[in-house]
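All remarks here apply to the structure that follows.
All values below come from the heavy atoms of this structure, side chains included, with hydrogens, waters and symmetry mates left out.
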Amino acid sequence: MRARQHHRVGRKVSTVTGPVLLTAAEMGRADALAVKSGVASASLMERAGEGVAAAVMRGWSKRPTVVLCGPGNNGGDGFVAARKLAEAGWPVRVGLLGERENLKGDAGLMAGLYGGEIAPLTPALLEGAGLIVDALFGTGLSRPLDGAARAMVEAVNAHPAQVLAVDLPSGIDADTGDVAGGDAGAAIRAARTVTFFVKKPGHVLFPGRALCGAVEVVDIGIPFSTLEEIRPRTFENQPAIWAREFLRPGFSAHKYSRGHAAVVSGGRLKTGAARLAARAALRAGAGLVTVLTPPEAAAENAAHLTAVMLREAADAAGVAAVLEDRRFTAALIGPGAGVEPETARKTLAILRAGAAAVLDADALTCFADRPEALFEALREGDILTPHAGEFARLFPDIDIAALGKLEAARRAAARAGATVILKGADTVVAAPDGRAAINVNAPPDLATAGSGDVLAGMALGLRAQGTPGFETAAAAVWLHGACGQAAGPGLIAEDLPEALPQVLRALLTPPEAAKDEGGS
């Protein structure tokens, strides 16, 4: 359903612009395409090292600085940074992992241009350091650190000086954000990271995100036109990737043109989650929201609902009968529904109806012993919202720990044929066509009972208005995080829908209007 009384917010965004994230392989291809277009590879390295040195001088006062260089291009960036810092009068010491004569290509060139002493990479090098620049390994790392490299990383982490990491903290996998080697591995803890061209998934997925510190992206001269050929499918979740599909009412809108959402309630004493979701759906813009309640819970729900409507639906047949009214545009089941056969039957009844579906919590767990029955019934515009435990029950052979959260969510979405919101501190939204967005704005305060029910309700409210599945999911996750920030420490789930008006006002107010309102 796409009502004519709505209009989209924002300009059309290319599929390869905006907050793009590149995998290690894609970044290597971007480098190669830049060189093919006429940009010298040494120029890319020179600008990368300059960017690192500039970040050091902006972020810290002059102090003894140790630059740790690896045997590849990341080390070459480090040599450039060391040269630039030395030219600016900074006291610099350089340590190299490996032998100077073994450096090849641009890294060897930059080591020669440095001109200063290059010491062996040992923990003794850190004595008296006021700042450490980690240029050991960057995006290309594919194995756990060992030997001298691991010993150095452990010594750096034990040292009181802050660390600036070049590209990525050494030891972090660029594609997954995991520490190479898992719990047995080692990685640098940085206060700041300088990366090049665009961010990588490892910058925004935990634990990499926590180990990067503040991330700065430096333009090193790679043409953005290279993205048109690479066509990346991974993004940092920001309004730029879904604003063109985000709908707001036009002047001729009425409540039915904004969509009618249904929320299936649990039984007696299990109704609160559905009401949280219903309130969120209404706040997110659905024109009408109706809670479908078992008869025994009708009085309990009626005592709490005002703008949200109420209808009795005793079982799956009752849910199906209500949804025969084609004015219902989306339905949610799961919050407080109960892990029981009737919940599964109600879920399938929704999936057979014309309304789009948002499936959460118990509606997912009910299919743990027969996931294919769910997958066969899902439509492309439907949305699943599992946390890690529910994900493992529904997709037991898709191992998040082995694959990384991003790849696991992608595989799940492809298998289910629907959009998957894999929840957590770094929620990943994945579409069946391979697009994925990693969320970065969720505060830890959202770890509270009912928070997930509100997220499902926000997704329901947007989906009911006709926003497509992937864009609905990404927008709902971002709005959920923004509401968490707005409500702040001490928030409870009930606070989140009430924060939506101020979040939406800020999102939908053009910058010029906001400036005028501020009186400047």
Side-chain angles (χ1 to χ4, degrees), residues 259-283 286 288-370 373-374 377 382 384-387 390 393 448-461 463-464 492-494 496-497:
H260 191 168
V263 181
V264 176
S265 172
R268 193 171 67 86
L269 303 182
K270 297 180 180 180
T271 60
R275 289 197 302 274
L276 279 171
R279 179 77 171 179
L282 201 61
R283 284 288 192 192
L288 304 94
V289 179
T290 296
V291 169
L292 308 185
T293 181
E296 70 273 13
E300 184 179 328
N301 274 316
H304 294 275
L305 297 176
T306 49
V308 173
M309 298 179 291
L310 191 64
R311 288 184 65 172
E312 290 188 359
D315 51 21
V319 170
V322 170
L323 295 182
E324 286 179 359
D325 182 346
R326 294 296 176 170
R327 291 176 296 181
F328 281 96
T329 52
L332 164 65
I333 185 170
V339 181
E340 53 193 40
E342 187 59 34
T343 298
R345 288 191 285 269
K346 289 177 180 178
T347 300
L348 293 174
I350 290 171
L351 293 173
R352 286 191 288 266
V358 178
L359 308 184
D360 184 41
D362 296 343
L364 303 176
T365 300
C366 281
F367 289 92
D369 60 346
R370 50 185 186 118
L374 175 62
D382 295 330
L384 314 182
T385 67
H387 57 55
E390 292 157 350
R393 290 190 283 273
T448 184
S451 176
D453 304 321
V454 173
L455 171 60
M458 289 179 178
L460 174 69
R463 190 71 185 93
I492 59 175
E494 287 93 329
L496 298 172

Practice prompt. Can you measure from CZ (Arg279) to CZ (Arg275) and round to the nearest 0.5 angstrom?
Written response: 12.0 Å

Fill in: Minimal non-hydrogen separation, Thr329 against Ala464, with atom names
OG1-O, 2.7 Å

Fill in: Straight-line distance of Asp362 CG to Ile333 CD1, nearest 0.5 Å
9.0 Å

Fill in: Nearest heavy-atom neighbours spanning Ala298 and Thr293
N-OG1, 3.6 Å

Worksheet item: Hey, what do you get for SG (Cys366) to CD (Glu390), rounding to the nearest 0.5 Å?
Response: 10.5 Å

Worksheet item: Does Thr365 reach the main-chain N or O of Val339 with its side chain, forming a donor-acceptor pair under 3.5 Å?
Response: no

Item to complete: Apply side-chain contact (heavy atoms from CB on, under 4.5 Å) to the pair Asn301 and Val308, showing each step before the final yes or no.
Response: CA-CA 10 Å; Asn301 274 316; Val308 173; over 6 Å; no

Item to complete: Please examine the side chains of Thr290 and Val322, heavy atoms only from C-beta on, and report whether any two atoms are closer than 4.5 Å.
Response: no

Item to complete: Return yes if some donor-acceptor pair links the side-chain N/O of Glu494 with the main-chain N/O of Leu276 below 3.5 Å, else return no.
Response: no

Practice prompt. Quick one: closest heavy-atom pair of Val358 and Ala456, and the distance?
Written response: CG1-O, 4.0 Å

Worksheet item: Of the non-hydrogen atoms in Gly457 and Leu332, which two are nearest, and what is the gap between them?
Response: N-CD2, 4.2 Å

Practice prompt. State whether the side chain of Asp453 and the backbone N or O of Ala277 hold a donor-acceptor pair below 3.5 Å, judged by distance alone.
Written response: no

Discussion item. For Gly338, is there any backbone N or O sitting under 3.5 Å from a side-chain donor or acceptor partner on Thr343?
Written reply: yes

Item to complete: For the pair Glu300 (side chain) and Leu269 (backbone), establish whether a donor and an acceptor sit closer than 3.5 Å, ignoring hydrogens and angles.
Response: yes

Response to the item:
side chain to side chain donor-acceptor pair (under 3.5 Å) filter on Asp325, not counting sequence neighbours, yields Arg327

Item to complete: Drop me the distance from Leu288's CG to Met309's CE, to the nearest 0.5 angstrom.
Response: 4.0 Å

Worksheet entry | Pairs satisfying ring-ring contact (aromatic ring centres under 6.0 Å, His included), at least one member in residues 288-330, at least two apart | His260-Phe328

Fill in: For Ala281, all residues meeting side chain to side chain contact (heavy atoms under 4.5 Å, CB included), sequence neighbours excluded
Val289, Leu460

Worksheet item: Taking side chain as C-beta onward, heavy atoms only, is Leu455 less than 4.5 Å from Thr385?
Response: no

Discussion item. Restricting to non-hydrogen atoms, name the atom on Arg463 and the atom on Ala330 that form the minimum distance, rounded to 0.1 Å.
Written reply: C-CB, 4.2 Å

Discussion item. Please determine whether side-chain contact (heavy atoms from CB on, under 4.5 Å) holds for the pair Val454 and Met458, giving the CA-CA distance in whole Å, both sets of side-chain angles, and the decisive distance to 0.1 Å.
Written reply: CA-CA 6 Å; Val454 173; Met458 289 179 178; 3.8 Å; yes

Practice prompt. Might you point out which heavy atoms bring Arg393 and His387 nearest each other, and give the distance in Å?
Written response: NH2-CE1, 4.1 Å

Worksheet item: Measuring from Glu342:CD to Thr347:OG1, what's the distance to the nearest 0.5 Å?
Response: 9.5 Å

